[in-house]
Amino acid sequence: MPPAPLAVPSRVCATLVGLLSLAALVLQYVLILQLTRDNVGVVLGTVRFLTYFTILSNIAVMLVACAAAAGQPGFFAQARVRGAVALYIGVTGSIYFFILRHLWQPQGAQWWADTGLHYAVPLAYWAWWLTCVPHGVLRWRNVAGWLLFPLAYVVWVFVRGAWLGEYPYPFIDVGQLGWSRVGVNALGVMGVFVVLGLVIVGLDRIFGRRRASSLGAT
């Protein structure tokens with residue numbers, strides 16, 4: 001049975017989350033094209049844009065938020081998909097905050113794009129997911145399924161890196177660090193995915209029990 005449409009306040013909040021992610025994505029895309037159009041061109045610049053996990057997780061946020069705002073059933077309305085996106089955007093924000101933010105100092109429009117993609121969108125999506133959607137249907141086994149996307153992403157990054165000699169993030173730069181160090185780093189990041197995925201399922205179960213208790217009390 002498809003999930004019931006969300007209430008109007010939840011759909012309004014989803015609209016705001018979707019617009020926030022769209023604005024940050026468009027700004028970052030324009031900035032990347034400005035940097036790449038004179039050397040690699042628009043096509044390869046677009047490929048580079050889509051090589052960042054940050055971009056992919058923000059696109060996922062936008063798709064889930066837009067589906068929720070429209071009240072549409074389907075893939076992006078499923079609880080496990082909403083949970084997966086909470087995982088992906090949560091890892092995006094966490095890895096950036098603890099590892100990557102110290103490596104550069106964005107200025108001007110890049111600061112706005114950077115703040116939107118790595119801080120504002122993750123926080124907004126998590127606030128929406130925690131407070132505006134039904135809970136209590138996720139299962140521990142969902143975490144294993146959620147790992148398929150980041151695993152596929154890692155394979156794509158390594159294949160592209162072997163082809164072009166460039167990597168989106170310094171901690172998986174095989175040319176600079178070597179395979180052994182990159183392997184350790186990749187395992188560490190996958191560990192973050194597993195731990196945060198378990199946290200998401202745990203929160204979903206806790207919130208689901210609280211809702212069931214409140215309904216039972218009434």
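Residue Phe53 is tested with Trp156, Phe193, Tyr169 for a ring-ring contact (aromatic ring centres under 6.0 Å, His included); the sole match is Phe193.
The cluster map of Ile, Leu, Val, Met, Phe, Trp and Tyr, joined by side-chain heavy atoms under 4.5 Å apart, puts Val157 and Leu187 in different clusters. Val121 and Phe76 end up in the same hydrophobic cluster when Ile, Leu, Val, Met, Phe, Trp and Tyr side chains are linked at under 4.5 Å. Hydrophobic clustering of Ile, Leu, Val, Met, Phe, Trp and Tyr side chains at less than 4.5 Å, counting indirect connections, keeps Val154 apart from Val159. With hydrophobic clusters built from ILVMFWY side chains whose heavy atoms lie under 4.5 angstrom apart, Leu31 does not share a cluster with Leu25. Side-chain heavy atoms closer than 4.5 Å link hydrophobic residues (I, L, V, M, F, W, Y) into clusters, and following such links, possibly through other members, connects Leu50 to Val64.
Rounding to the nearest 0.5 Å gives a distance of 9.0 Å between CG of Leu203 and CG of Leu196. The CG atom of Leu19 lies 10.5 Å from the CE atom of Met62; values are rounded to the nearest 0.5 Å. Residue Asp204 holds its CG atom at 13.5 Å from CZ of Arg80, rounded to the nearest 0.5 Å. Between atom CZ of residue Phe49 and atom CG of residue Leu56 there is a gap of 9.0 Å, rounded to the nearest 0.5 Å. Note: Tyr125 OH to Arg82 CZ = 7.5 Å, rounded to the nearest 0.5 Å. The NE2 atom of His118 sits 8.5 Å away from the CD1 atom of Ile89 when rounded to the nearest 0.5 Å.
The environment of CH2 in Trp163 is sparse: at most 12 heavy-atom neighbours from other residues, nucleotides or ligands sit within 6.0 Å. Gln34 CD: more than 12 foreign heavy atoms inside a 6.0 Å radius. Counting heavy-atom neighbours within 6.0 Å of Arg181 CZ, excluding the residue itself, gives a total of 12 or less.
Heavy atoms only, all atoms of each residue included: Leu103 and Ile99 are closest at CG-O, 3.9 Å. Looking at every heavy atom in both residues, Pro170 comes nearest to Leu177 through O-CD1, 3.3 Å. In terms of heavy atoms, Ser57 sits closest to Thr92 at OG-OG1, 2.8 Å. Taking every heavy atom of both residues into account, Leu6 and Cys132 meet most closely at CD2-O, 4.0 Å. Nearest heavy-atom pair, Asn58 versus Ser21, reported as atom, atom and distance to 0.1 Å: O-CB, 4.0 Å.
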Pair up each side-chain donor or acceptor in residues 40-47 with any protein partner under 3.5 Å, not counting sequence neighbours, and list the distances.
{"residue": "Thr46", "atom": "OG1", "partner": "Tyr29", "partner atom": "OH", "Å": "2.8"}
{"residue": "Thr46", "atom": "OG1", "partner": "Val42", "partner atom": "O", "Å": "2.8"}

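Between Phe149 and Tyr153, the ring planes lie tilted relative to each other; the angle falls in the 30° to 60° range.
Here Phe158 and Trp179 bring their ring centres to under 6.0 angstrom of each other.
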- Do Leu138 and Trp146 pass the side-chain contact (heavy atoms from CB on, under 4.5 Å) test, and can you show the C-alpha distance, the side-chain angles, and the key distance before you say yes or no? CA-CA 12 Å; Leu138 296 182; Trp146 294 343; 3.9 Å; yes

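Of the possible polar contacts, none joining the Tyr88 side chain to the Val61 backbone as a donor-acceptor pair under 3.5 Å is found. One N or O on the side chain of His135 and one on the backbone of Trp129 form a donor-acceptor pair closer than 3.5 Å. Listed for the Asn142 side chain is a donor-acceptor partner under 3.5 Å among the backbone atoms of Arg139. Checking side-chain atoms of Thr115 against main-chain N and O of Trp112 turns up no donor-acceptor pair under 3.5 Å. Between the Trp140 side chain and the Leu198 main chain, no donor and acceptor come within less than 3.5 Å of each other.
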